[in-house]
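Note that the numbering runs from 1 along the sequence shown for the chain.
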Amino acid sequence: MINLSFLQDFPKDFNFGVATSSYQIEGTIYGNCGKSIWDDFAERKLNGIDGKLACNHIEYFKEDIKLIKDAGFKAYRFSFAWPRLFPDNNKDVNLKGVDFYKQLLEEINNCDLEAFPTIYHWDLPIRFQKIKGWEDQETCKHFGELSFFISKTFGDQFEKISTINEPWCVSWLSHYLGEHAPGIKNIQSAAKTMHNILFAHSQSVEALRSCNDHQIGIVLNNQFGQPIDSNEENIQATKLFDEIHNRWFSDAIFKGKYPELALSILEKYLPENYKTQLELISSPIDWIGLNYYTRSLIKYKKSDDGVNYECNSGTLKKTDMGWEFYPEGLSYFIKRINKEYDNNIPIYITENGMANNDKLSLGNSIKDHDRIEFFNIHLKEVLDCVNEKLPVKGYFAWSLLDNYEWAFGYSKRFGLVFTDFRNFKRIPKNSYYEFQKYLK
Ligand code: IFM
């Protein structure tokens, strides 16, 4: 029987936690929250399926924090909603929003959990889209101001903070593939945002450093790319995929440069002073967050813009997102950060988990055996890395609750806890109890 009994083999100070994000759980109809690009995208592209209600975490947050504590987790990763703090403009703060995050942090700390806030997890206030959102560096400057405000207002309640969640999603997925808000499909917008989102990170780091002595990180989502076969064209295509998806961000942050192949396609769209800005982008951080889910099989495919590849999935066991189980990729990226980028930096696995077609059965039990297997094989990779003395310091399961899974609405369930979206009832799944058995 597959289980998580080996959790007990992790060092005592290893940080196990769960992760969520503001738009996915809070519910925007509560507490004077303003509109974000996701409300607009949902209206235009997702038949209005949005995060208005989500999990109503705004009213249920105490119950949610209790669930985290009762499972034996020690940390909680969540994000601040920019439109909740500044709904109408960049000056007038929403006191209800401030009050909510104060109470949330107080509850987290009262329950002896470590708070791991993220400043930006995708809910950009809609007003910025008028100046083309992340395509304009004005947005980055305002992001610096937001970071300062957050550090000043809430900074005594946490030690670690991350600036941005998954810059690849904010830029490429949302401005080249058009699958996330604002739903743009154009290489020029994509290139600009690939750089600007990192520039925004630098503005945030600068603001945070000027205000407090927090340990600052950024959260990157790495996806393993494998050539579909040994054909040279496919090997080259995989290199480009890896540079666009992964190395663009880690090379910029740790080495202050962009990788060659990707740069040869994107450089013409970057601002003239991008190299000077890379110096800021690569100013030191204190920890790195790694989100990992799956691999892709890469095949050469000609494209007029030079992005000559397509992603395919293989024949391995898949999650409800159609993503293959490929745990080897997780240890691969841990080792890559450590060996190729910085052999000292503490690494946190800030997200890992799977969507499963969970159903409530009689007696309210949810038998998500596949999820237990998923955690089992990924956590074994993490443990191997820990045993090899790599500086992996924590692991956050994605996610605490079934929630708003972006373009998929409420149809994909990632939670350790089942959410009944009709009445906001939370029902722990078997995977939740499996963690509890060995963490408590
Ligand atoms: O739900 C998302 C999360 O917001 C960011 N990382 C990937 C998760 C699953 O798709």
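Lys318 contributes a side-chain N or O that, together with a main-chain N or O of Gly314, makes up a donor-acceptor pair within less than 3.5 Å. Looking only at distances, a side-chain donor or acceptor of Asn212 sits under 3.5 Å from a matching main-chain atom of Ser151. A distance-only check finds no donor-acceptor pair linking the side chain of Asn403 to the backbone of Gln24 [under 3.5 Å]. Under the 3.5 Å distance criterion, the side-chain polar atoms of Glu324 are matched with a main-chain donor or acceptor of Leu316. The closest donor-acceptor contact from the side chain of His121 to the backbone of Ser22 lies at 3.5 Å or more, if one exists at all. Here the side chain of Tyr101 pairs a donor or acceptor atom with the backbone of Ala81 at under 3.5 angstrom. Judged by distance alone, with hydrogens and angles left aside, the side-chain atoms of Asn246 form a donor-acceptor pair with the main-chain N or O of Gln223 at under 3.5 Å. Side chain of Gln226 to main chain of Leu297: no donor-acceptor pair is present (N/O by atom type, distance under 3.5 Å, no hydrogens or angles). Between the side chain of Thr350 and the main chain of Leu290, a donor-acceptor pair closer than 3.5 Å is present. Side chain of Asp342 to main chain of Asn344: a donor-acceptor pair is present (N/O by atom type, distance under 3.5 Å, no hydrogens or angles).
For Asp320, the side-chain contact (heavy atoms from CB on, under 4.5 Å) partners are Ala355, Asn357, Lys412, not counting sequence neighbours.
Contact between Pro271 and His195 at its shortest, heavy atoms only, is CG-CD2, 3.6 Å. In terms of heavy atoms, Trp38 sits closest to Ala181 at CZ2-N, 3.4 Å. Between Tyr410 and Gly51, the shortest heavy-atom contact is OH-CA, 3.6 Å.
Between Phe249 and Met194, the closest side-chain pair of non-hydrogen atoms falls below 4.5 Å.
Between the side chains of Thr20 and Ser399, no donor-acceptor pair of N or O atoms lies under 3.5 Å.
To the nearest 0.5 angstrom, Gln277 atom CD is 7.5 Å from Asn196 atom CG. Atom CD1 in Ile372 sits 12.0 Å away from atom CG in Leu379 (nearest 0.5 Å). One distance of note links OG of Ser230 with CD1 of Ile235; it measures 6.0 Å at 0.5 Å rounding. Atom-to-atom distance recorded for Ile119:CD1 and Phe149:CZ is 12.0 Å, nearest 0.5 angstrom.
Taking 4.0 Å as the cut-off between side-chain N and carboxylate O, Asp242 and Arg247 count as a salt-bridged pair.
Classified by interplanar angle (parallel below 30°, tilted 30° to 60°, perpendicular above 60°), the ring pair Phe375/Tyr395 is perpendicular. Ring-plane geometry between Trp82 and Phe143 is classed as tilted, the angle between the planes lying from 30 to 60 degrees on a 0 to 90 degree scale.
For Lys301 and Tyr309, the positive end is not near the middle of the six-membered ring at less than 6.0 Å and at most 45° from its axis. A cation-pi contact, defined as under 6.0 Å to the ring centre and within 45° of the axis, links Arg413 to Phe418.
Taking the six-membered ring for Trp and the full ring otherwise, Phe100 and Phe61 have centroids separated by under 6.0 Å. A distance of 6.0 Å or more separates the ring centres of Phe80 and Tyr120. Aromatic rings from His180 and Phe41 are positioned such that their centres are separated by 6.0 Å or more.
Here the rule is side-chain hydrogen bond (donor to acceptor under 3.5 Å, both in side chains) with Glu114, and of Arg77, Lys160, Lys74 only Lys160 fits it. The ring-ring contact (aromatic ring centres under 6.0 Å, His included) with Phe116 is formed by just one residue from the set Tyr348, Phe73, Phe16; it is Tyr348.
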